[in-house]
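Reviewing the structure listed below.
What you see is a predicted model, and the numbers here were worked out from it, not measured in a lab. Order of the sequence lines sets the chain letters (A, B, ...), proteins ahead of strands, with each chain counted from 1.
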Amino acid sequence: MSILSLNNIEKNFGAIQALTGVSFDIKEAETVGLMGDNGAGKSTLLKIIAGNFKPSNGEIKFENNTVSFEKPIDARKSGIEVVYQDLALCNHLTAASNVFLGREIQKGIWPFKYLDYPAMFKKSSELFEELKSETRPKDLVMQMSGGQRQAVAIARTRLTNPKLVLMDEPTAAISVRQVAEVLDIIKRLKDQGIAVMLISHRMPDIFEVCDKLVVLRRGEKVCEKNIKDSSTEEATGLITGAIDRV
Amino acid sequence: MSSVKFNQEIISKTEKNLLQKLVSEQSFWVTIALFGICFIMFFVEDAFSSKDNLFNITRNFSFIGIMAIGMTFVIITAGIDLSVGSIMGVTGVICGLFLDAQFLPEWYSKASYFEGVYVWVSIILALLAGTLIGAVNGYLIAYVKLSPFVVTLGMMAAARSLALVVSNNKMFYEFGPKDEMFYEIGGGSMLGLANATWLLIFLTIVMGLVLKYTSYGKHVFAVGSNKKAAELSGINTRWIEMSVYMISGLFAAISAVMIVGWMGSVTNALGYTYELRVIAATVIGGANLMGGVGGTFGAFIGAALMETIRNSLLMAGIDPYWQGTFLGIFIVGAVWLEKVKNKKN
Ligand SMILES: Nc1ncnc2c1ncn2[C@@H]1O[C@H](COP(=O)(O)OP(=O)(O)O)[C@@H](O)[C@H]1O
Ligand SMILES: [Mg+2]
């Protein structure tokens, strides 16, 4: 069953046509790899699904209902969580505070509500452990490695039980060992029945964890096929335009 | 069982221990500096450690300190409020106008004097006016998206001129039948400390708890640290941004009420150039103008350090004309220190 259906999504920013007629589905517990050159429209598509932008045209169905998210928070409420390309973390706050940002655990009754730090530290350390990441809840994000920051951003998505997680270049700008960590995390999401859309430049990442490959070129979908039926050579050709479309 | 242990270990393991954390706080070093100066002055100048002088110092920095707490909230969001001195002026004048009441319609003095609550009416009107002016600042900054520097610079001029308009360039010094009560609020003392100092201590604790232990406080830091991230987390960043200017305006008004009560009179010049001292106190206390860093204890200790230095220089016989120069050096020095520290990180 499809969890998300994109139907003829278009997006233009003034004269720039970022997306033209993009359609594809994501099934339950499916991991879809979205590839494409710089400026192909990958982040734009992610942001449309996540409620950051409205599409200029086209229809989005989530769990068989047509949806139109006004704000990212609406998408999150329906069960779509996002790991943004720039991570969207607050450097001056601790890992735990970032995980719970905007949905802090509180105690007491209004107006004497106060933050329940022990509960938040405990829950976030459980999440990091679940993700097998050596991230300490009380550390400031400022002092963290790229992989740890990635873990914080991903842990944020695990607070609720999301149905779909969107990730924009989670393996860019981190070390090889950390890439393996992040890929493990993605596999674990899949084991728990969560659908993932993974945007990446790194061919090996996509081919290691994804079930389906979608390629965008200049805002158009030029490929949608099972990862088993494709190859890195074909994907490269599709991205660069050496292969027109399949 | 072992997984629980593993968890506990991770929770309690932070990169810095408590002492290291303390040492990395600017307010810690400012506290050390403050004690250092007091220690030296204790031996050099007998008059410094007299009960009267210490009382005066603590009272004097309380007015600045209260405003610095409001400024701390603004600076944590990466904003600035240049209008606090003028807000102090206009709210002080409003308070005086309603206490004095001779320039107001007769029904007001008849009604409220009779009720005996005009003191509270005057105080509440001043506090409301401060909050309202702060709300105007905040609205223009958060919703119209004008720069904080420009908006509050404009408000600095506008509020000062409003103080002139409201006061019609007169001094208010007759505070009605219950003037003693009003003088007592701002000028009184308890257990050897001025009321203003007690209020500063109270607000430092309460607002410190708000920053650390409420989701509002967390969101103030988040907005200053990464506004986009805060917004994506569903935080109402505009409201957070607007509200900190309201807090700053309110605290300037609180300080105005206290200082008018202490002085027993008010003119439209009240609070003139105070914004400099307030910003200096806040920044010296460790708030970062780039946003995301700051605390109420820092505001407290920053205000204390500046007043202690001012007092010491006066006692050392240095011409008070030099005070502005020292103030300027402190502001620039604190920001420079911040930069050096950031580079190291
Ligand atoms: N907010 C925006 N305003 C205007 N143009 C944009 C905006 N976001 C993206 N674009 C344009 O849309 C195109 C696709 O960008 P993007 O989705 O970021 O590509 P990718 O993530 O695949 O590298 C680019 O030409 C980019 O310049
Ligand atoms: Mg992108």
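- The minimum heavy-atom distance between B:Ile235 and A:Gly102, with the atom names listed, is CG1-CA, 4.0 Å.
- Looking at B:Lys227, there are no atoms closer than 4.5 Å to chain A (heavy atoms on both sides), in backbone or side chain.
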Might you work through the side-chain hydrogen bond (donor to acceptor under 3.5 Å, both in side chains) test for A:Arg156 and B:Ser233, ending with a clear yes or no? CA-CA 10 Å; A:Arg156 282 181 60 79; B:Ser233 310; 3.3 Å; yes
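- Heavy-atom contacts from other residues, nucleotides or ligands closer than 6.0 Å to CZ of B:Phe28 number more than 12.
- Other residues, nucleotides and ligands contribute only 12 or fewer heavy atoms inside 6.0 Å of the CG atom of A:Asn161.
- A cation-pi contact, defined as under 6.0 Å to the ring centre and within 45° of the axis, links B:Lys212 to A:Tyr117.
- Residue B:Leu232 touches chain A through both its backbone and its side chain, counting heavy-atom pairs closer than 4.5 Å.
- Heavy-atom neighbours of A:Phe112 CZ from other residues, nucleotides or ligands within 6.0 Å: at or below the threshold of 12.
- Checking side-chain atoms of B:Ser225 against main-chain N and O of A:Asn91 turns up a donor-acceptor pair under 3.5 Å.
- Within 6.0 Å of atom CZ in A:Phe53, more than 12 heavy atoms from other residues, nucleotides or ligands are found, so the atom counts as buried in its surroundings.
- Within 6.0 Å of OH on B:Tyr143 lie more than 12 heavy atoms contributed by other residues, nucleotides or ligands.
- Counting heavy atoms from C-beta on, the side chains of A:His92 and B:Val293 come closer than 4.5 Å.
- Closest approach of A:Leu115 to B:Lys218, counting heavy atoms only: CD1-CE, 4.2 Å.
- Other residues, nucleotides and ligands contribute only 12 or fewer heavy atoms inside 6.0 Å of the NZ atom of A:Lys71.
- Rounding to the nearest 0.5 Å gives a distance of 3.5 Å between CD of A:Glu104 and NE2 of B:His219.
- Chosen from A:Lys113, A:Arg103, A:Gln106, the residue pairing most often with chain B at heavy-atom distances under 4.5 Å is A:Gln106.
- Here B:Ser215 is the residue among B:Ser215, B:Gly234, B:Gly217, B:Gly291 with the most heavy-atom pairs under 4.5 Å with chain A.
- Residues A:Leu93 and B:Phe221 meet the side-chain proximity criterion, which asks for heavy atoms closer than 4.5 Å.
- A:Leu101 and B:Ala229 get closest at one heavy-atom pair: CD2-O, 4.5 Å.
- Heavy-atom distances place the side chain of A:Tyr84, and not its backbone, under 4.5 Å from chain B.
- Neither the backbone nor the side chain of A:Asn98 comes within less than 4.5 Å of any heavy atom in chain B.
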